[in-house]
Each structure stands twice: as C-alpha cells, then as structure tokens.
Amino acid sequence: MITCSDINTTLSILHNERKQNQRIALVPTMGNLHAGHLSLIETAKANADKVVVSIFVNPAQFGPNEDYAQYPRTLDEDCKALTAAGVDLLFTPEAKLLYPEGTEAHTSVKVPGLSEGLCSNTRPQFLQGVTTIVCKLFNLIQPDIAVFGEKDYQQLRCVQKMVHDLCMPIEVIGVPTKRESNGLAMSSRNQYLLPEQRKHAALLYQSLCALVQKLQSRQASIDDVEQETVASLNRQGFISDYVSVRTQADLKIPSTETELVVLAAAYLGSTRLIDNISFTLDR
Ligand code: AMP
C-alpha cells in the first residue's frame, strides 16, 4: 500500500491508474478503523480494480464543543489493517492542506432538505461539513465508485443527493451496518464508553428492533412508538436526542410509504450514539 499525504503525488498515482483503465473506488474515513470500515473496503474491492482509502479527521464537521481534539487518531494501527485488507492507496492529508485558510473561509456544499432535522438539530454544522469534504475528496480522487456505511444513514442520503444534483459521475454504494455480537453498531466513538456502558449501549439497537416489531405487528402508531422509545431510552439511562421513523428514499415523515427507516441518536454519558434500522411496513 502506498501512503500519501500530498495532493500532487496522489494525483499522479491516480492519473497513471486511470490511464490503465483501472476502476477506482474511494472509501472516505476519519480513521480509527474497525470491522465496519473494513466491510466498506471489501465492498470497494469487489466493485473496483484499485481501492483508495482516505483518513482525515475533518474539522469542518465538528461543532466548537465537540470531540475534534479527542477524536481517536491511530494511524499506525490503521495502516497495518489497511495493508492487510489489500488497500492500494491511503490518502492522509493534513487539515492545513485541505483548509489553508481555515474552515470558516472555505466554500461549502449544503444539501437542502435531507441535511435538515434529525442529526442537524443538535449538530447543525455536521452534514454540511461532511458534504463539503466529500465533494473535495471526490474532486481530488475522481473515483468511479465511493462506499459509505448505512450506519450514518442521513449522511449517506446527503452524499447520494449531492452526487445526483451536482452531476458527479460517481456510483455511491451503501453498506449495511456492522455490529458487535450484542447488536451495538460499531463506531470509533464506542471507545469513549466504559466497559459497562458498552454493554448498556446495545439497548439502543434493541429498542429500535422492538419499535420495528411493534409497528410491523400493528400494536401502535408511528407517533406512539417514537414517543414510547424516547421515554424508555431515557428511563434506561440514555438521554435521547431523537427517535424518528422516516421514508428510506428521502427521509420524509411517512404517509403511505412502505419502505421505512427508524433513525435514532442518544447520549450515554457524554458519548453520542446513532443507529438506524430499515424495514418494510405493509399498509
Ligand atoms: P467514520 O470514520 O466514522 O467517518 O466512518 C467512515 C465510513 O465508515 C462512513 O461511511 C461510515 O458510515 C462507515 N461506518 C462507520 N461505522 C460503520 C459500521 N459499524 N458499519 C458499516 N459502516 C460503518
């Protein structure tokens, strides 16, 4: 695997690959890699000739009181995992290279509609920061395909709409969420959890499973199960941010649609967890 932190070298390597008609996949990450990231890389390998992974803790997507400084940075371990996974090129730019004048002075990409509500209520800068950096990475790397996790469902939908609206010739592939054996969605932020909290955190997924089951067996309305789940998470020691059933296609409040997704965010201590489950509701 070649590791590269400067733009010109990266561009010239990729130029050569493209000249040889190599199909390029990009997997953007913030590092501290786990099995969820590795499943994205497997999908990338299955759909392209060359796999590029980026590791960049993107300051533009963190709020002023969020965990940018503490975010786990484990480049040595990540390099080993990526080499073992057969990745061809690792792009590790410094923040100064991508935001030479800082993040505030930078042009940004905002996806209307999809980037509003849900995570944006508590993290107003997050999705705009993501679509801006992903747009930049797409312009630099010019991948044929890009792979994202369904774990960050609102993010995936925003990236898909950005690619569509801005006519980017890139196929965006979503990969199902990789979970611990107790159901907890894998996440770099799980490292912030104490061992006891880590066990407890699986209740978020279990609560969403219970919500889906109640809806599918017609025991309650969408509004009722959302409220019940918020209350039950709060009783179990979480501080719920939101629990919301939306349409899979465009994250709208459902009316008669059948392809739905329940999305949730909740704090356990100071750690913010997100999760979602896609499901079908017969009407
Ligand atoms: P991050 O490094 O957290 O920014 O994530 C980089 C990519 O990995 C994003 O597309 C995430 O959606 C994806 N990802 C993170 N956790 C998981 C997981 N548990 N399963 C599948 N994909 C994931």
Side-chain angles (χ1 to χ4, degrees), residues 25-47 51-62 66-68 70-75 77-79 81-82 85 87 90-93 95 98 114-115 118-119 123 125-138 141 143 145-163 170-193 198 201-202 204-205 208 251 261 263-265 271-278:
L26 172 65
V27 183
T29 81
M30 297 206 298
N32 191 243
L33 303 177
H34 50 66
H37 296 113
L38 297 179
S39 71
L40 268 52
I41 290 164
E42 264 178 43
T43 300
K45 285 182 72 167
N47 287 277
V51 176
V52 181
V53 171
S54 59
I55 294 185
F56 180 62
V57 184
N58 173 32
Q61 71 190 65
F62 288 80
E66 293 184 353
D67 56 343
Y68 177 67
Q70 300 104 285
Y71 197 86
R73 290 159 170 89
T74 52
L75 190 59
E77 287 93 326
D78 291 349
C79 282
L82 294 175
V87 167
L90 169 61
F91 181 49
T92 56
L98 296 187
L114 279 171
S115 73
L118 302 171
C119 278
R123 306 191 68 202
Q125 70 301 311
F126 165 60
L127 285 160
Q128 193 165 334
V130 168
T131 41
T132 299
I133 192 65
V134 169
C135 176
K136 230 169 136 86
L137 290 169
F138 283 180
I141 306 293
I145 70 160
V147 187
F148 289 82
E150 288 176 1
K151 152 122 194 321
D152 300 275
Y153 201 90
Q154 191 180 11
Q155 165 177 298
L156 170 64
R157 285 284 176 265
C158 285
V159 170
Q160 286 171 325
K161 181 166 162 59
M162 174 187 77
V163 162
I170 299 171
E171 181 192 352
V172 176
I173 302 180
V175 172
T177 302
K178 196 93 175 167
R179 300 179 179 282
E180 306 282 357
S181 54
N182 64 6
L184 173 64
M186 290 183 181
S187 164
S188 305
R189 289 195 169 95
N190 291 351
Q191 293 207 359
Y192 301 149
L193 298 168
R198 222 179 158 102
L204 177 60
Y205 174 64
L208 297 186
L251 297 182
V261 54
L263 305 104
T271 305
R272 190 168 188 279
L273 304 167
I274 61 169
D275 206 345
N276 67 81
I277 300 177
S278 294

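Residue numbers run from 1 in the order of the sequence given. Remember, it's 1-based here, ligands and their atoms both numbered in the order they're listed.
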| message | Between D67 and R189, does any side-chain N to carboxylate O distance fall below 4.0 Å? | response | yes

| query | Is R198 salt-bridged to E180, going by a charged N under 4.0 Å from an acidic O? | reply | yes

| query | What do the steps show when you test F56 against I133 for side chain to side chain contact (heavy atoms under 4.5 Å, CB included), and what is the final call? | reply | CA-CA 9 Å; F56 180 62; I133 192 65; 3.5 Å; yes

| remark: Sequence neighbours excluded, the answer for side chain to side chain donor-acceptor pair (under 3.5 Å) partners of D78 is T74

| said: Among V147, T92, V27, exactly one meets side-chain contact (heavy atoms from CB on, under 4.5 Å) together with V53. Which residue is that? | reply: V27

Show the short N or O contacts, below 3.5 Å, that ligand 1 makes with protein N or O atoms; if there are none, say 'none'.
| unit_1 | atom_1 | unit_2 | atom_2 | d |
| --- | --- | --- | --- | --- |
| ligand 1 | 2 (O) | M30 | N | 2.9 |
| ligand 1 | 2 (O) | H37 | NE2 | 2.9 |
| ligand 1 | 5 (O) | H37 | NE2 | 3.4 |
| ligand 1 | 10 (O) | G149 | N | 2.9 |
| ligand 1 | 12 (O) | G149 | N | 3.2 |
| ligand 1 | 12 (O) | G149 | O | 3.3 |
| ligand 1 | 12 (O) | D152 | OD2 | 2.6 |
| ligand 1 | 16 (N) | M186 | O | 3.4 |
| ligand 1 | 19 (N) | K178 | O | 3.0 |
| ligand 1 | 19 (N) | M186 | O | 2.8 |
| ligand 1 | 20 (N) | K178 | N | 2.9 |

| field | Note: R179-D275 ion pair, threshold 4.0 Å (strictly below) | value | yes

